[in-house]
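Just the heavy atoms: all of them, side chains too, but no hydrogens, waters or symmetry mates, feed the values below.
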Protein chains: 2
Amino acid sequence: MSERHGEGAPTRRRGATLENAITDAAWAVLVEHGYNGFTYEAVAARAGTSKPVLYRRWPQREDLLIATLTRYWRPLGIPDTGSLRQDALTLLRAVNAERGRTVILLRIHLADYFRETGTDFNDLRSRLLPADRTPPFAQLVDRAAARGELTDVPRSARVVNLPFDLVRHDMLMTMGPVPDESIVEIVDTVWLPLLGLSPHATHAGH
Amino acid sequence: MSERHGEGAPTRRRGATLENAITDAAWAVLVEHGYNGFTYEAVAARAGTSKPVLYRRWPQREDLLIATLTRYWRPLGIPDTGSLRQDALTLLRAVNAERGRTVILLRIHLADYFRETGTDFNDLRSRLLPADRTPPFAQLVDRAAARGELTDVPRSARVVNLPFDLVRHDMLMTMGPVPDESIVEIVDTVWLPLLGLSPHATHAGH
DNA sequence: GCAATTGGATCCGCTTGCGTATCTTAACCT
DNA sequence: AGGTTAAGATACGCAAGCGGATCCAATTGC
């Protein structure tokens with residue numbers, strides 16, 4: 001900004017305030033222009049600062065990328081409503097709301113990054129998340145079995161993670177969040193029947 | 001190539017021969033470097049020719065892209081083996097083999113193209129394929145119902161297309177073809193049970 | 001065999017982003 | 001208050017790709 005804003009004293013950000021402003025701008029650029037539009041010039045311009053400020057903190061583009069993603073990637077909270085169906089719906093809605101853009105970003109817009117660095121989505125995830133816990137839906141199913149809502153037979157990961165995969169699939173196809181009816185449909189007409197439950201045999205119908 | 005090759009007469013391609021060589025090179029560049037690496041210079045170099053040759057034929061980058069994709073996008077053949085399970089396996093294997101790279105390319109590497117042009121995957125598909133026929137899996141299910149293999153109740157598109165979606169999902173996640181066991185698993189442990197069939201109740205087991 | 005095409009090499013000016021250096025001055029510390 | 005830190009503007013040479021123009025010669029059609 002070479003312009004003075006209004007007549008107020010020129011404001012100059014520092015430290016964490018500045019870093020947050022920059023990673024916010026970086027995120028916006030990433031979402032709007034993809035990894036190849038993710039240039040130091042674009043991020044600096046968007047953040048209202050200049051390239052040297054970025055280079056001083058993140059010498060490599062990858063450093064800036066990681067810092068940006070870290071700010072926007074939160075581990076999912078695992079719901080516990082007492083009903084498998086409600087747990088599933090709640091979790092999928094959270095995924096849809098919180099991760100709608102992130103999933104697109106990671107899987108699609110970062111494809112160039114993965115190719116350039118020779119890395120993989122899993123490499124990136126292990127840099128963002130501490131450990132590999134059991135997948136969210138496996139936790140839901142385990143708890144439902146412990147409650148007696150499901151019989152305690154082994155189930156394939158494919159069936160257990162099916163709703164997650166289908167929602168992710170729809171997000172990738174539409175490049176955005178998924179309508180809520182799709183989530184309900186996936187749970188009620190695909191997943192619960194496969195597990196041997198009918199949607200309304202459980203408590204807490206919809 | 002300013003080098004002469006061996007001592008043979010310098011060969012100069014023309015017409016269709018040249019165009020095929022160029023679109024082949026363009027495809028290779030697209031697969032290896034994505035849409036942003038899909039430059040006239042890179043394609044020309046790869047094809048062993050020069051930029052003006054490309055510009056003479058395809059003035060816009062999009063023209064070259066469409067010409068390239070057209071060469072590599074074939075409508076799927078719909079199998080008819082007499083058994084729903086075999087039909088499904090055959091179709092999914094064909095998708096996996098023929099479209100493994102294409103799906104990745106279209107969905108992921110062309111994300112930048114879609115954003116830049118403001119277009120959509122469906123826009124592109126309608127430029128590559130003539131009409132929108134009924135989806136492949138709907139045809140399989142209709143035929144199975146006509147044979148009496150399935151009862152003739154209405155089924156949601158979600159359930160009908162489930163195997164296609166799951167294979168596509170796996171291809172997108174692994175950025176490549178899917179192991180054959182996944183295909184069998186999807187059909188036998190997910191789809192057929194959902195349709196009310198057990199994998200081996202039909203003829204022609206695996 | 002000769003003339004018309006057209007493939008292929010080379011060069012142009014332009015733009016964008018890179019990564020760094022320099023300089024000012026606002027914001028903070030003690 | 002005075003000194004230190006670092007934000008932010010500006011400029012740099014470099015490289016890649018763009019979209020053409022120019023030129024030569026290999027191929028083809030007649």
Which nucleotide in the set [options] lies at the smallest distance from any side-chain heavy atom of [X]?
| X | options | value |
| --- | --- | --- |
| A:R12 | C:dG8, C:dC18, D:dA6 | D:dA6 |
| A:L18 | D:dT5, C:dG17, D:dG8 | D:dG8 |
| A:R14 | C:dA26, D:dG19, C:dG17 | C:dA26 |

Rounded distance (Å) that lies between atom [atom2] of [N] and atom [atom1] of [X]:
| X | N | atom1 | atom2 | result |
| --- | --- | --- | --- | --- |
| B:E41 | C:dT10 | CD | P | 13 Å |
| A:L54 | C:dA21 | CG | C1' | 16 Å |
| B:E19 | C:dG7 | CD | C1' | 12 Å |

Which residue lies more 5' along DNA chain C, comparing B:K51 with B:I22 via nearest heavy atoms: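 Counting from the 5' end, the first nearest nucleotide belongs to B:I22.
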[Y]/[X] salt bridge by N-O under 4.0 Å criterion:
| X | Y | result |
| --- | --- | --- |
| A:R93 | A:E98 | no |
| B:K51 | B:E41 | yes |
| A:D188 | A:R85 | yes |
| B:R158 | A:D170 | yes |

Salt bridge (charged side-chain N to carboxylate O under 4.0 Å, His left out) partners for A:D80, two or more places apart: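 If we apply the salt bridge (charged side-chain N to carboxylate O under 4.0 Å, His left out) test to A:D80, skipping adjacent residues, the hits are A:R143.
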Between CG on residue B:L140 and CD on residue B:E149, distance to nearest 0.5 Å: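 Nearest 0.5 Å value for the CG-CD distance: 10.5 Å.
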Residues from residues 55-62 of chain B lying under 4.0 Å of DNA chain D - heavy atoms: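 Contacts with DNA chain D under 4.0 Å: B:Y55, B:R61.
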Short side-chain N/O contact from B:T49 to OP1 or OP2 of C:dG8, under 4.0 Å: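 Yes, B:T49 has a side-chain N/O under 4.0 Å of OP1/OP2 on C:dG8.
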Inter- and intrachain pairs under ring-ring contact (aromatic ring centres under 6.0 Å, His included), touching residues 40-97 of chain A, at least two apart: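 Residue pairs passing ring-ring contact (aromatic ring centres under 6.0 Å, His included), neighbours aside: A:W27-A:Y72, A:Y40-A:Y55.
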Residues which pass side-chain hydrogen bond (donor to acceptor under 3.5 Å, both in side chains) with B:T23, listed by chain and number, not counting sequence neighbours: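 By the side-chain hydrogen bond (donor to acceptor under 3.5 Å, both in side chains) rule, B:T23 matches B:R71.
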List the atom pairs, with distances to 0.1 Å, where a side-chain N or O of residues 190-197 of chain A and a protein N or O form a donor-acceptor pair under 3.5 Å, not counting sequence neighbours.
{"unit_1": "A:W191", "atom_1": "NE1", "unit_2": "A:V159", "atom_2": "O", "d": "2.8"}

Close residues, residues 25-39 of chain A, relative to DNA chain C [heavy-atom separation under 4.0 Å]: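 Of all residues in residues 25-39 of chain A, the ones placing a heavy atom under 4.0 Å from DNA chain C are A:T39.
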